[in-house]
Amino acid sequence: MAARIDHLVTSGTFSLDGGTWEVDNNVWIVGDDAEAIVIDAAHDADAIAAAVGDRRLVAIVSTHGHDDHIDAAPALAARTGAPVFLHPDDLMLWKQKHPDVSPQAELADGQTISVAGTDLTVLHTPGHSPGAVCLYAAGLGTVFSGDTLFQGGPGATGRSFSDFPTIITSIRDRLLTLPAETVVRTGHGDSTTIGDEAPHLEEWIARGH
């Protein structure tokens with residue numbers, strides 16, 4: 001059986017730089033009936049575990065270290081035995097939320113994570129945060145973009161550890177070079193495609209945020 005993509009929306013808060021905001025997060029589960037990975041264990045370990053069901057959880061992959069994307073990761077890892085993956089450049093963000101526990105594995109550019117016969121390639125896409133990554137599944141025609149690229153433009157770069165020119169470079173060089181029909185499954189909100197977003201790059205640059 002080919003890998004499929006399951007989608008869950010969880011709700012909670014995002015806190016950084018002394019502010020807290022209500023957010024809805026996309027949780028993506030890639031796998032088949034036997035095994036799966038979770039991309040961004042956000043807010044609700046019970047709901048994510050229920051969506052995984054009795055499948056073996058191979059990995060919990062964090063697209064970046066902001067607390068709304070990792071807050072349920074340690075609980076889900078403890079429950080399932082699956083390792084949590086995070087790019088080391090975001091460890092300082094992780095430690096703001098989870099000072100007493102560390103991710104079990106590091107993400108690196110070009111690394112491949114395999115599940116249910118499908119390869120996901122790690123693309124290091126800094127800008128929203130230093131260790132932000134996207135996961136490209138060529139066989140599924142999709143990229144999981146975390147908070148790097150959304151329908152309508154780049155992720156936010158107005159808070160600590162983020163940088164607008166850096167995210168533009170990441171999007172231009174790592175994402176807009178993917179096939180136009182590639183579906184972009186985002187960290188929040190609706191999905192889009194590379195082809196729908198690519199024509200707007202210069203608008204984003206002119207807007208400057």
Side-chain angles (χ1 to χ4, degrees), residues 1-14 22-88 90-91 93-94 97-108 110-123 131-148 182-192:
M1 177 184 289
R4 65 180 186 270
I5 301 169
D6 298 321
H7 177 216
L8 185 68
V9 177
T10 58
S11 300
T13 61
F14 163 59
E22 298 285 335
V23 286
D24 297 325
N25 284 61
N26 292 325
V27 180
W28 302 101
I29 304 172
V30 183
D32 57 13
D33 287 344
E35 62 180 21
I37 69 166
V38 164
I39 300 171
D40 287 341
H43 307 310
D44 192 336
D46 290 341
I48 299 168
V52 172
D54 59 3
R55 294 179 281 179
R56 182 175 72 91
L57 191 58
V58 175
I60 302 162
V61 183
S62 308
T63 60
H64 60 293
H66 285 155
D67 65 354
D68 57 319
H69 291 256
I70 62 162
D71 50 1
L76 187 64
R79 183 170 180 155
T80 62
V84 178
F85 285 74
L86 179 75
H87 193 284
D90 269 14
L91 187 60
L93 287 164
W94 170 283
K97 181 65 178 179
H98 302 300
D100 300 322
V101 63
S102 295
Q104 287 78 40
E106 294 186 350
L107 294 171
Q111 177 181 352
T112 299
I113 297 171
S114 299
V115 64
T118 293
D119 291 338
L120 293 91
T121 301
V122 177
L123 308 176
V133 303
C134 299
L135 299 169
Y136 177 48
L140 299 177
T142 195
V143 62
F144 300 92
S145 65
D147 286 1
T148 295
T182 303
V183 177
V184 181
R185 290 180 161 87
T186 61
H188 309 270
D190 295 333
S191 296
T192 182

Task: Close side-chain approach of V38 and V27, heavy atoms under 4.5 Å - done: yes
Task: Pairwise side-chain contact, L120 with F144, heavy-atom cut-off 4.5 Å (strictly under) - done: yes
Task: Interatomic spacing from CD in E22 to CZ in F14 - rounded to 0.5 Å - done: 13.0 Å
- [ ] Show your reasoning for whether side chain to side chain contact (heavy atoms under 4.5 Å, CB included) applies to D147 and T63.
- [x] CA-CA 8 Å; D147 286 1; T63 60; 5.8 Å; no
Task: Minimal non-hydrogen separation, S114 against V58, with atom names - done: O-CG1, 4.3 Å
- [ ] Verify, without hydrogens or angle tests, whether N25 (side chain) and D68 (backbone) share a donor-acceptor contact under 3.5 angstrom.
- [x] yes
Task: Separation between CH2 of W94 and CG of D71, rounded to the nearest 0.5 Å - done: 9.5 Å
Open item on the list: Any salt bridge linking R4 with D33? Criterion: basic side-chain nitrogen under 4.0 Å from a carboxylate oxygen.
Closed with: yes
Donor-acceptor pairs under 3.5 Å, side chain of residues 131-139 to any protein atom, not counting sequence neighbours: which ones?
none

Task: Interatomic distance, I48 atom CD1 to I60 atom CD1 [nearest 0.5 angstrom] - done: 8.0 Å
TODO: Mark yes or no for whether S145, through its side chain, and V184, through its backbone, hold a donor-acceptor pair below 3.5 Å.
DONE: no
Open item on the list: Within the structure provided, determine whether N26 and V9 are in side-chain contact (heavy-atom separation under 4.5 Å).
Closed with: yes
Task: Straight-line distance of D40 CG to I29 CD1, nearest 0.5 Å - done: 11.5 Å
Open item on the list: If you define the side chain from C-beta out and look only at heavy atoms, does anything of L76 sit under 4.5 Å from L57?
Closed with: yes
Task: Sole candidate of T148, I70, D90, L93 that passes side chain to side chain contact (heavy atoms under 4.5 Å, CB included) when paired with H64 - done: D90
Task: side-chain hydrogen bond (donor to acceptor under 3.5 Å, both in side chains) contacts in which one or both residues fall within residues 46-62, not counting sequence neighbours - done: D6-R55, E35-R56, D46-R79
- [ ] With I113 as reference, evaluate L107, T121, V30 under the side chain to side chain contact (heavy atoms under 4.5 Å, CB included) test and give the passing residue.
- [x] L107
Task: K97 NZ to H69 NE2 distance, which is reported to the nearest 0.5 Å - done: 13.0 Å
Task: Any residue meeting ring-ring contact (aromatic ring centres under 6.0 Å, His included) with H43, in chain and number order, not counting sequence neighbours - done: none
Open item on the list: Side chains of W28 and I5, heavy atoms from C-beta outward: is any pair under 4.5 Å?
Closed with: yes
Open item on the list: Testing the basics here: between Q104 and A77, what is the closest heavy-atom pair and its distance to 0.1 Å?
Closed with: OE1-CB, 4.3 Å
Open item on the list: Using side-chain heavy atoms (C-beta onward) and a distance below 4.5 Å, is P74 in contact with V84?
Closed with: no
Open item on the list: Do D119 and T112 pair up side chain to side chain, a donor and an acceptor below 3.5 Å, judged on atom types alone?
Closed with: no
Open item on the list: Looking at every heavy atom in both A75 and A45, which two are closest together, and how far apart are they?
Closed with: CB-CB, 3.9 Å
